[in-house]
Structures are given as C-alpha cells and as structure tokens.
Amino acid sequence: MDVSPILSPLNDAQRAADASMAHSTLVLAGAGSGKTRVLVHRIAWLCQVEGLSPYSILAVTFTNKAAREMRGRVEELLQMPADGMWVGTFHGLAHRLLRAHWREAGLPQTFQILDADDQRRLIKRVLKGLDLDEASWPARQAQWYINGRKEEGLRPEAVGDQGDPVGQQYIRIYSAYEAACRRAGLVDFAELLLRTTELLQGHAELLDHYRRRFRHILVDEFQDTNALQYQWLRLLAGEQSPIFAVGDEDQSIYGWRGARLENLHHFSRDFRDCELFRLEQNYRSTGTILSAANGLISNNQTRMGKSLWTADGEGDPIRLYAAYNEQDEARFVADTVAQWAREGNRRSDVAVLYRSNAQSRVLEEALIAAAIPYRVYGGLRFFERAEVKDALAYVRLTANRHDDASFERVVNLPTRGIGERTLAGLRVLAQERDLTLWTATTQAVDEQAFAGRATKALAGFLELVDGLAQATRSLPLHEQVEHVIEHSGLRAHHGREGDEKAQGRLENLDELVNAARAFNFDPQQHGEMSRLDAFLAHAALEAGEGQGDSWEDCVQLMTLHSAKGLEFPMVILVGMEEGLFPHNMSIADPTRLEEERRLCYVGITRARRHLLISYAETRRQRGAEHYNPPSRFIGELPEALVVSIRPRLAMSRPMASPVAPRRAGAGRDAGDGLQIGTRVLHAGFGEGVVLDCEGDVPSARVQVNFEREGCKWLVLGYANLQRC
DNA sequence: GCGACATTGTTTTTT
DNA sequence: ACAATGTCGC
C-alpha cells in the first residue's frame with residue numbers, strides 16, 4: 001500500500017498525529033497550522049492504512065459548511081465517494097439518530113424542529129399560560145435558562161433547587177415548556193442532543209450497535225464543545241472507540257453560549273491512553289502577523305501555552321489608522337480596497353472584520369458611495385426570514401397538524417378574523433383537556449364553543465389546512481410548497497402591501513420554491529423520512545447560508561465570530577476601541593475579557609499577508625456621540641510591528657459642540673455637502689479630512705486635517721476642495 | 001380585530 | 001438611531 005499521498009504532504013508534527021496509534025488523540029492546532037488537513041488525512045489514514053471502511057467513521061463538526069468541506073476533501077484524497085461515512089454537525093447527526101429511532105426516543109414520527117426564534121415564541125406563550133408577566137420573566141431569560149439546563153444534561157426534575165423561589169419558578173417554566181413541546185411534537189436544538197443522549201443511555205442494544213459501528217470518532221473545533229456535546233461524545237465512544245479531537249484553546253470564542261474550554265483540558269483525563277500533539281507551524285501568515293498574534297494572546301493568563309511560527313518572511317508591518325470618526329474609518333476602508341483593486345488584486349481577497357453587526361452599516365454606505373461591490377455575511381439567513389418561516393409553518397402543519405408553534409404562527413396570517421380573544425380561549429381549552437391547538441380547535445368548532453363568527457373563521461382555517469394537505473399529498477416537493485404559498489393566501493397577502501419590501505418578500509417566497517426544487521433528497525442519509533420532512537428539517541438545521549448572491553468580486557464584510565475558520569490575503573480590523581472591542585459587556589469580567597482577546601487573536605490570524613487596524617476617535621453609538629480610547633488590544637501588539645499610516649495630530653480630537661453650541665444643522669455641513677469626516681483633496685496641501693466647519697455658505701470656513709501639513713482652517717469659497 | 005403611535009432595549013452565533 | 005415590540009383608539 002502506497003501511503004505517500006496521505007503522509008507526504010504533511011509536516012512532521014501533522015504526520016505524527018495522523019499516524020498516531022494511541023487510543024485517544026488530542027491535537028492542539030494553532031491557527032493556520034493545517035487543522036482541517038490533519039483531520040482529512042487522518043480519515044484517509046484510517047481507511048487506507050488501518051483498513052477501516054468509511055462506514056465505520058464518525059466525524060463531527062460545528063457548522064454544516066465545515067462538514068461539507070471535510071467530506072469533499074476526504075473524497076478528493078481517497079479518490080472515491082465516502083457515502084457510508086457519517087460526517088455532520090452535532091445537531092445534524094443527532095437528528096439523524098432520532099429520525100431513525102423516533103419510537104425508542106419517544107417522539108412522534110412527524111416531529112418538527114424548533115429554531116431559536118420558534119423556541120422563544122413558544123416560551124413566550126408558555127409564560128403567558130403560567131400567568132407570568134413578561135417584565136419580570138423575559139422570554140429570552142427563560143430560553144437561556146432552559147437551554148443552559150439542557151446543555152448540562154438536566155431535565156426539570158433533575159435540576160436541584162436550593163429552595164430559592166426564582167429557581168423554582170424557572171423549573172416550573174422549564175417543565176411547562178417541555179410539556180408544550182411534547183404535546184406538539186417539537187424538538188429544539190438542545191433537545192436534539194439531549195434526547196439522543198438519553199436514547200442511547202436508555203437503550204443498551206442501540207448504544208451497543210452504534211458503538212460497534214463507529215470504530216473511530218473524529219471531532220473538529222473541540223474547544224467549542226459544550227457539556228452535553230462532551231457527554232454525547234463520551235457515551236458514543238465508550239471504552240472501545242478511539243477518538244481523535246482537534247482544537248485550539250486560543251480560538252475559543254463561544255464561551256458565552258455554553259462552550260467549555262475545560263473540555264479540552266479534561267480530554268486526556270476522560271479519554272484513556274491519550275497522546276497529545278501540538279501543531280505550531282503556521283502556513284498562512286507572515287512573521288509579523290504571527291508575532292502580533294503571539295504578543296497579543298500572551299496577555300491571557302489561562303492557557304496551556306503555544307507559540308506559532310512560520311518559515312515565511314516577515315512581510316509588511318501592521319498598519320494602524322486613527323480615524324476621526326466612523327465615517328472617516330469607513331472611507332478609509334473604501335479607499336484601501338479601491339487602491340488594492342487598482343493594483344490588480346481581487347476585492348474578494350479583502351475581509352473587513354468588526355465586533356458587532358451594527359457596524360456594517362456605515363461601512364456599507366461608504367462602499368456604496370465608492371461603487372465598491374461588497375458582501376455582508378451573517379445577519380438573518382434565508383430560512384430565518386419571517387415570510388419564509390410563515391410559508392414553512394403552513395407546510396409544517398400539513399405534515400404535522402399538531403405542531404402548535406406553526407399553528408400559532410399562521411392561524412391568523414393573513415388575517416382571517418381569529419383574534420387574541422379567540423386564541424386565548426383555544427389555549428385554555430387545549431390546556432384544560434391536554435390537547436394540541438389543532439385538536440382543541442376541532443372540538444371547539446364541533447361544540448360551537450365560541451361566537452358564530454369566530455367559529456366560522458376557525459372552521460375555515462381547519463378546512464384550509466386540511467385542503468392544502470389533501471391537494472398537495474401527491475405533488476412533488478416544490479409544487480407542494482408552491483401550492484401552499486398560493487392557496488394559503490400568503491402570496492396575495494404580501495402582494496397587497498405593494499411597497500418595496502413586500503416585493504422582496506415575494507421574491508423570497510419564489511426563492512423558497514426554488515430551494516425546494518433544488519433540495520436533494522438522499523435516502524441513505526434521510527432514512528425513512530418523507531421528502532417533505534427531510535426538507536423541513538433541512539430548513540431548520542441549515543439556515544440557508546449560500547442562498548442567492550452571485551459570485552461577483554466582492555469585499556467580504558463580517559463579524560469576527562463568523563470569520564473563524566476563514567483566511568484572507570488582506571484583513572482590515574475596524575472599530576478597535578475600548579467599549580466596542582473589547583465590548584463593554586465583557587470588560588469587567590476577566591474571563592470574558594480573555595475571550596474578547598481570543599476573538600481579537602482570531603481576527604489577526606485570519607490575515608495572510610496584510611493586516612490593517614483602525615479605530616475611530618469619535619463614534620456615534622445608539623444615537624449618542626462616544627469618545628472611546630483605542631482598544632487595549634492595540635497596545636498589546638509589539639510596538640515594532642505597527643506603523644501609524646497617518647500621524648496623529650495634537651488637534652485630532654477637537655472638543656465638540658458642548659463648548660460652542662451651534663444652530664441646529666449648522667456645524668454639521670458646510671454647504672457643498674462637505675460633512676465632518678469627509679475626505680478632501682487640496683491642490684497645495686494634498687489629502688485631508690474635514691474636522692469642523694463654521695459660518696454660512698458665502699463665507700463658510702472648514703477645518704481640515706491634512707495628512708502632510710496638519711490642521712488648517714480654509715475659506716471654502718477659495719480653497720477649491722475636492723471630495724475624494 | 002386591526003391599524004396607528006409609544007416604548008423598549010439593544011454582543012457575538014450555530015444548530 | 002433604530003428596529004422590534006406593546007398599547008391604544010376605532
């Protein structure tokens with residue numbers, strides 16, 4: 001057997017890890033050290049050298065994208081399809097197990113998945129049902145509590161209440177929520193994992209079967225596992241299945257949603273005969289970028305420690321730009337990208353990374369003004385849009401009439417005269433008789449429990465859904481979806497609104513039909529599920545990243561979180577100010593501050609060749625002007641690696657209006673559309689940024705901070721400034 | 001029951 | 001600032 005294609009592209013450390021004979025293997029892989037490559041080649045090694053069938057391999061990732069990439073690369077390396085191999089996200093794999101064993105798991109065959117939004121809405125209803133007012137019991141809080149308990153593997157009855165009334169109330173909420181899910185056949189994300197864990201714990205023969213089947217388990221991004229995922233893995237691996245985990249403590253950025261970095265530290269204790277490998281050679285970035293990353297992360301106290309190095313050269317210094325305000329910063333980004341493109345580079349090789357989504361707006365405006373195409377990642381994805389979810393709710397009801405969450409969503413959409421009063425009556429009825437809303441409605445109609453008009457409306461809704469189910473039963477999937485959109489009245493509903501946004505919603509509905517048409521049903525993966533159920537699960541589990549959007553050469557805009565796992569020749573890290581990054585919510589707590597620092601580390605290590613950092617001295621945040629000092633993280637970079645690309649002037653932070661109040665509107669705009677922060681070109685002084693302006697049009701003066709000459713006041717009528 | 005105004009709370013995100 | 005809710009009058 002020629003193993004050279006598997007091992008020869010690897011360096012010594014990677015090769016040692018991939019050929020490890022230890023029972024458990026933990027690979028601490030720094031950013032850009034070939035993490036995915038090690039996983040892919042390990043699978044190839046197992047198949048070709050140790051002679052395992054792909055059928056007996058289980059590989060777990062956190063995102064669908066990572067799962068797809070892994071499967072693709074394994075197939076490429078092995079030169080054959082790896083159909084039998086289970087590769088997927090924790091949730092995707094758990095879902096698959098639950099579909100295969102719904103009976104043993106105690107679920108209805110048609111169980112539906114709740115996404116985070118569905119879950120919150122359902123919890124809201126449960127809170128109402130318990131007569132708790134929303135002010136003291138916010139749904140978000142309850143959601144956080146419930147998911148937290150599930151991720152600890154705890155059911156309501158297992159949660160210990162220390163006699164504290166708030167805790168007891170939460171336990172009540174948790175119980176009521178569980179009952180609501182059970183009645184309606186609904187499963188939230190955390191439930192997928194918890195239910196699977198319990199399924200395997202409670203059914204020795206099933207556990208035994210899967211333990212025999214999965215002779216080897218691989219896990220990506222191990223630092224992001226939560227307690228339940230860790231438990232799930234231990235259970236599935238048992239004593240006999242070797243486990244191969246890859247992770248990086250310095251890239252743990254999801255602590256706030258339950259990820260436990262400790263899992264990485266406990267690995268060698270909990271999985272027997274463990275061998276540890278470190279990958280520290282980086283193949284991505286220049287020496288400068290790595291030194292900056294190392295310098296920054298060394299400020300974190302709680303780490304095992306690791307230092308990246310590269311055989312590559314030093315490369316460019318890191319450029320630091322002190323913007324006057326957020327508009328100036330955005331313009332700097334646009335200018336930089338324009339310059340980069342002018343030099344013959346691709347715009348898509350540039351990523352602009354920010355801490356929070358709200359920051360994308362100014363950037364987008366500046367890019368539009370400069371006619372630079374861009375693409376924003378994140379935000380709400382296709383299957384999360386309200387109109388799409390509405391349509392899917394109808395479809396879900398045709399598949400499972402008892403899906404209360406979907407029932408509530410569309411029972412009066414478009415409005416058909418079923419109001420809050422009627423609905424409240426229905427809920428009471430359902431509660432009293434322990435029925436789903438659908439059944440309760442059927443009985444209410446039979447018994448004429450409500451006023452004539454309401455009863456008629458309810459009967460109309462029941463008929464509508466039954467009719468939709470009837471009519472679509474034997475249609476192909478996309479025609480089912482199309483039929484439902486048409487005959488539920490949703491299309492007409494959005495058509496009536498007639499504004500620009502409604503147009504977009506209609507397009508999304510069309511796109512949903514397309515998505516249904518394009519959905520490929522894989523009997524091997526979906527087992528005995530119907531095509532429709534498989535599509536609905538797909539919509540819930542894969543929010544629909546790649547939908548739409550052509551492949552134009554676009555600058556990439558995204559949050560630091562969504563940049564994890566990606567790399568770009570040029571990275572611009574914007575908004576590096578105290579309070580923004582590190583975020584205000586995290587500054588006081590050392591643990592969270594360290595996570596912010598890791599987030600910064602992730603951002604820096606995305607860059608291959610060029611790294612630019614900027615901050616704004618003034619920024620409008622939630623309506624008010626803020627003067628945040630530069631981020632402490634800037635100061636933590638080795639000074640020698642950073643150059644300021646515009647010398648900061650003593651005058652660079654002029655005091656704003658409190659000292660010299662101006663007439664409303666004046667002071668913002670010096671006629672000519674020159675606003676504070678506008679970049680201008682002067683024939684003699686070169687380029688600069690408008691800092692201030694005063695007076696009215698004939699004698700207006702502006703203060704400009706020139707790159708070469710410093711700060712000057714100019715009379716607008718004579719200066720002949722050009723915007724640039 | 002429904003549309004027009006006030007109030008509210010604002011990290012990060014995948015599944 | 002601003003979107004996403006909740007309350008009020010018809």
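Only a predicted model underlies this, so the values are computations on that prediction, with no experimental measurement involved. So you know, we letter chains A, B, ... as the sequences are listed, proteins then strands, and number each from 1.
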Checklist outcome for this item: Taking B/dT15, B/dT11, C/dA1 as options, the one with an atom nearest any side-chain atom of A/R620 is C/dA1
Checklist entry - So what does A/A94 touch, heavy atoms closer than 4.0 Å: a base, only the sugar-phosphate, or nothing? => result nothing
Checklist entry - Ion pair present between A/E152 and A/R149, side-chain N to carboxylate O less than 4.0 angstrom? => result yes
Next on the checklist: Output the rounded distance in Å from CZ (A/F62) to P (B/dT15).
Outcome noted: 11 Å
Next on the checklist: Please report the distance, rounded to the nearest Å, between CZ in A/R125 and P in C/dG6.
Outcome noted: 15 Å
Checklist entry - Which of these nucleotides, B/dT15, B/dT12, B/dC2, is closest to any side-chain atom of A/T415? => result B/dC2
Checklist entry - How close or far is atom P of B/dT14 from atom CG of A/D188, stated in whole angstroms? => result 18 Å
Checklist entry - Atom NE2 of A/H91 to atom C1' of B/dT15: distance rounded to whole Å? => result 4 Å
Checklist entry - Between A/N412 and B/dC2, does any side-chain N or O lie under 4.0 Å from OP1 or OP2? => result yes
Item to check | A/R592 side-chain proximity, nearest of B/dT11, C/dT5, B/dT13 | outcome: B/dT11
Checklist entry - Is A/E408 paired with A/R125 through a side-chain N to carboxylate O contact shorter than 4.0 Å? => result yes
Checklist outcome for this item: Whole-Å distance, A/H626 NE2 to B/dT10 P, equals 15 Å
Checklist entry - Distance check: side-chain N/O of A/S562 vs OP1/OP2 of B/dT12, anything under 4.0 Å? => result no
Checklist entry - For A/R421, which contact category applies under a 4.0 Å heavy-atom criterion: base, sugar-phosphate, or nothing? => result sugar-phosphate
Item to check | Row check, A/F382 ring normal vs A/R385 NZ/CZ: under 6.0 Å, within 45° | outcome: no
Next on the checklist: Starting the side chain at C-beta, find the nucleotide from B/dT11, B/dT12, B/dT14 nearest to A/R381.
Outcome noted: B/dT14
Next on the checklist: Strictly below 4.0 Å: does A/N64 bring a side-chain N or O up to OP1 or OP2 of B/dT15?
Outcome noted: yes
Checklist entry - Touch check for A/E595, heavy atoms < 4.0 angstrom, all strands: base, sugar-phosphate only, or nothing? => result nothing
Item to check | Sugar-phosphate, base or nothing in reach of A/F90, heavy atoms under 4.0 Å | outcome: nothing
Item to check | Under-4.0 Å salt bridge between A/E595 and A/R598 | outcome: yes
Checklist entry - Starting at NE2 of A/H583 and ending at P of B/dT13, how long is that distance when rounded to a whole Å? => result 11 Å
Checklist entry - Roughly, in whole Å, what's the span from CD in A/Q143 to C1' in B/dT14? => result 13 Å
Checklist outcome for this item: Whichever of A/L541 and A/R453 has the more 5' nearest nucleotide on DNA chain B, that residue is A/R453
Checklist entry - Does OP1 or OP2 of B/dT13 have a side-chain N or O of A/N357 closer than 4.0 Å? => result yes
Next on the checklist: Is A/W256 stacked against the base of B/dT12, taking the criterion as centroid distance under 5.5 angstrom and interplanar angle under 30°?
Outcome noted: yes
Checklist entry - Just one of A/L557, A/V362, A/L573 clears the side-chain contact (heavy atoms from CB on, under 4.5 Å) bar with A/Y354, so which one? => result A/L557
Item to check | Atom-pair distance (CZ on A/R121; P on C/dA4), nearest Å | outcome: 13 Å
Checklist entry - Does a side-chain N or O from A/R96 land closer than 4.0 Å to OP1 or OP2 of B/dT15, or not? => result no
Checklist entry - Thinking salt bridges, do A/R257 and A/E151 make one under a 4.0 Å N-O criterion? => result no
Next on the checklist: Below the 4.0 Å mark, does C/dC2 have OP1 or OP2 next to a side-chain nitrogen or oxygen of A/R361?
Outcome noted: yes
Checklist entry - Taking OP1 and OP2 of B/dT14, is either one under 4.0 Å from a side-chain nitrogen or oxygen of A/T89? => result no
Checklist outcome for this item: Picking from B/dT15, C/dG6, B/dT13, the nucleotide nearest the side-chain atoms of A/K124 would be C/dG6
